[in-house]
Amino acid sequence: MRISQLFYQTLKEVPRDAQIPSHQLMFRAGMIQQLASGIYNYLPLARKSLNKLEAIIREELEKKGCQEVLLPMVQPSELWEESGRWGYYGPELLRLKDRKGNDFCLGPTHEEVVTDMVRRNLKSYKQLPWNLFQVQSKFRDEVRPRFGLMRGREFIMKDAYSFDVDEEASKVTYKKMYDAYTAIFNRCGLEFRAVDAATGNIGGDMSHEFQVLAKSGEDLILSCDKCDYAANVEKALTKRSEGKMDASALSANEKVHTPGSRTIEEVAEFLKLPANNFLKSIIYVIDEEPVLVLIQGDLEINESKLQTLMGANSVALADDKTVRDITGASTGFAGPVGLKKKLRIIADYSVSHGLNMVCGANEDDHHLLNVNYGRDYIADQISDISFAAAGDSCSLCEGTLEEHRGIEVGQVFFLGTKYSEAMKCTYLDKDGKEQLAVMGCYGIGVGRTMAAAIEQHHDDDGIIWPVAIAPYEVVVLPLQMNKEEVVQTGEDLYKKLKDAGIDVALDDREERAGFKFKDADLIGYPLQIVIGARSLENGELEVKIRKTGEKKNLPLGEIVSFVQEFIQNEKS
RNA sequence: CGGGGUAUAGCCUAGUGGCUAAGGCGCCUGCUUUGGGAGCAGGAAAUCGCAGGUUCGAGUCCUGCUACCCCGACCA
């Protein structure tokens, strides 16, 4: 590519709206431009990088027997009604009507469409396994798009869906995909960890996220300092279990006046008692059923664990009216003792052994002292529904959990029969008996992976591309454009490198040296080949390695082989 | 959806009710310069987010709306 012809523009100044390095740098390097909140134009440099990333993904998936398809982005509501998700997916699903008034949505994910397609074609166990993938733009009307490509509304995703005869076969597929993802992110030159993950709305009961470690990551990951255990904080377990309290020390209930003190902090301050002495009582609406959730005052309720525990599709805080109906008091004074209406109670392990705890009295401006599990109330279920935190004990060994920030670039799910059952995706087994296909689904945020690579690999001057996904592997920089010899050497070298199959750019603009250097550093070409009049007199050129800043002079004749070798080494 | 903020040329900004809306980056022309975003001279480019209002006079004050950003809630 001749840079004089490249569709892009670099900027010295950082746009105010860009907050994190990848967004700032992609914008400054002329890779992306925002069209609307969370919706971006991808310029040639970005497209080139994405193409390489997609090529790696395709190669690794095809190695595992996956086949590429392309499914529609606009999807009829009927399929979503069939899976049940039309009802509970929420406003993140962008719904539209066609001219006839029929309901459609922009695909945020494709379980419905792919399951529908497969069931039309699936007849016999002999056809399986199938693993279909696509690379496509998804649309999710995110509540708060942010950080450039990290969390857009429209974003490029690779999604794959596997269909197997039974659970055992599906788990083999799952492992294959796990391995494929490991290979993909390794080839991209990323430092990442695969962690245990929650399954959220998509369902299923086994999932791993691939998290690129970076300071700006939105996700919190906990990992053990002794063993291999690592998990998203939404899922992370720690050594907690049901305990016994000292039954000889129970005190009598006592109602106290706590005017205006709603939060644990406020009441703790008012009563001069520590937060862990409180019983946090929160009313949730879980799949339309109100549920009282109890946890020790200094811990947070992990809604993701709660959702998994209940096998629920949705978990939301109850509104004030619901709270009043149930407790007879306004929000902030709920407790498990003396409720107006009976409802299901879910408690965290932490409350089972809490002695003489304080909770809301189900009466405005009153709390109840010395509330004890077993004597004063019982829960329908006691489980681990709290967030683990750094410093907690590992659930598997004697180690301690430590925390990292991560960018979720990929996730693999074992789905089971959630969708094949809802949508009757079946086949006939050896005995002629109808069986449900067992599914898995596997996503990679392609644009997000590109952004994550930049988050992990940049410096004050710009991007430092891993060679495998660099828009161009090398740039040739003729410095003195008024010197025929310099220009000609650049042209010749450019041609030679291209002929050698190297992805090369030639900065043939009439610009000064400093300008070209700054641009090259910003765009982040892994190698810069500098053609200057001075060194050319000795028949040498200067090669700069972006990653290390190292510069070396090489004879003209050795440049191509040096570049080839460098690329080879970096990619492996 | 709650809280906060911003909106002036492609980008970053100045503009305190008063003359023709100012500067930097970038862009065009010419000269000069040629190893880390050069210099000089000239030039193009703005419906001051939109709609109302107050005023002799509004980029500036008021009201409403919209868009965008940040924090939170939310997030296969």
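Per chain, numbering begins at 1; letters A, B, ... match sequence-line order.
- Counting non-hydrogen atoms of neighbouring residues, nucleotides and ligands closer than 6.0 angstrom, the NZ atom of Lys64(A) exceeds 12 such neighbours.
- Within the cation-pi definition used here (under 6.0 Å to the ring centroid, within 45° of the axis), Arg95(A) qualifies as a partner of Trp86(A).
- U20(B) sits 36 Å from U33(B) when the C1' atoms are compared, rounded to a whole Å.
- A donor and an acceptor atom sit less than 3.5 Å apart, one in the side chain of Glu13(A) and one in the base of G24(B).
- Side-chain atoms of Glu112(A) and Ser83(A) form a donor-acceptor pair, as typed in the model, at a separation below 3.5 Å.
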* Checking ring-ring contact (aromatic ring centres under 6.0 Å, His included) for the pair His110(A)/Tyr161(A): CA distance, chi angles, key distance, verdict? -> CA-CA 9 Å; His110(A) 281 69; Tyr161(A) 306 89; 7.2 Å; no
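- Between U13(B) and A7(B), the two C1' atoms lie 13 Å apart (nearest whole Å).
- Nearest heavy-atom pair, Gly406(A) versus Ile221(A), reported as atom, atom and distance to 0.1 Å: CA-CD1, 3.7 Å.
- In this structure, CD1 of Ile282(A) is placed 13 Å from P of A73(B), rounded to the nearest angstrom.
- Pairing partner, G36(B): none, since no Watson-Crick or wobble contact has both distances short of 3.5 Å.
- Atom pair Phe7(A):CZ and C27(B):P shows a separation of 15 Å (rounding to whole Å applied).
- Atom CD in Glu142(A) sits about 16 Å away from atom P in C1(B), given to the nearest Å.
- The pairing partner recorded for U63(B) is A51(B), the criterion being a Watson-Crick or G-U wobble arrangement whose two distances lie under 3.5 angstrom.
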* Structure fact -> Expected string for nucleotides 33-48 of chain B under the B/S/- scheme (protein heavy atoms, under 4.0 Å, primed atoms plus P, OP1, OP2 as sugar-phosphate) is BBBBBB----------
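- In this structure G72(B) sits in a base pair with C1(B), meeting the Watson-Crick or G-U test at under 3.5 Å.
- The distance from atom CD of Gln9(A) to atom P of A9(B) is 15 Å, rounded to the nearest whole Å.
- With both pairing distances under 3.5 Å, A44(B) is matched to nothing as a Watson-Crick or G-U wobble pair.
- Between the CG atom of Leu43(A) and the C1' atom of G10(B) there is a distance of 13 Å, given to the nearest Å.
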* Structure fact -> Reading nucleotides 65-71 of chain B from 5' to 3' and marking B where a protein heavy atom lies under 4.0 Å of the base, S where only the sugar-phosphate is that close, and - otherwise, the string is ---SSBB
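- Comparing the C1' positions of G5(B) and U47(B) gives an interatomic distance of 25 Å, to the nearest angstrom.
- Across G26(B) and G37(B), the matching C1' atoms stand 11 Å from one another, rounded to whole Å.
- Residue-level contact check: Pro108(A) touches the bases, meaning some heavy atom is under 4.0 Å from a base atom.
- Comparing the P positions of A45(B) and G35(B) gives a spacing of 36 Å, expressed to the nearest Å.
- Distance noted for atom P between A58(B) and G17(B): 14 Å (whole Å).
- Separating the C1' atom of U60(B) from that of G2(B) is a span of 30 Å, rounded to the nearest Å.
- Backbone-only engagement by Glu303(A) is indicated by non-hydrogen atom pairs under 4.0 Å involving sugar-phosphate atoms exclusively.
- With sequence neighbours left out, the side chain to side chain contact (heavy atoms under 4.5 Å, CB included) criterion links Glu542(A) to Val530(A), Lys551(A), Asn553(A).
- With rounding to whole Å, Glu300(A) atom CD is found 14 Å from G72(B) atom P.
- Side-chain N/O atoms of Trp130(A) and Gln67(A) include no donor and acceptor closer than 3.5 Å.
- Counting to the nearest Å, the P atom of C75(B) and the CG atom of Leu306(A) are 12 Å from each other.
- One finds no salt bridge joining Lys176(A) and Glu60(A) here, because no Lys/Arg side-chain nitrogen approaches an Asp/Glu carboxylate oxygen to under 4.0 Å.
- Side-chain atoms of Tyr284(A) and Glu303(A) include a donor-acceptor pair closer than 3.5 Å.
- Residue whose closest nucleotide on RNA chain B sits further toward the 5' end, between Glu234(A) and Val14(A): Val14(A).
- Nearest-nucleotide assignment on RNA chain B puts the 5′-proximal partner with Pro15(A), out of Glu408(A) and Pro15(A).
- Nucleotides A73(B) and G4(B) place their C1' atoms 15 Å apart, quoted to the nearest Å.
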* To do: Would you please test Tyr174(A) and Phe414(A) for ring-ring contact (aromatic ring centres under 6.0 Å, His included) and show each step?
  => CA-CA 7 Å; Tyr174(A) 183 94; Phe414(A) 170 75; 7.0 Å; no
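- In this structure, CG on Leu106(A) lies 5.0 Å from CG on Leu96(A), to the nearest 0.5 angstrom.
- Between Phe155(A) atom CZ and C75(B) atom P there is a gap of 15 Å when expressed in whole angstrom units.
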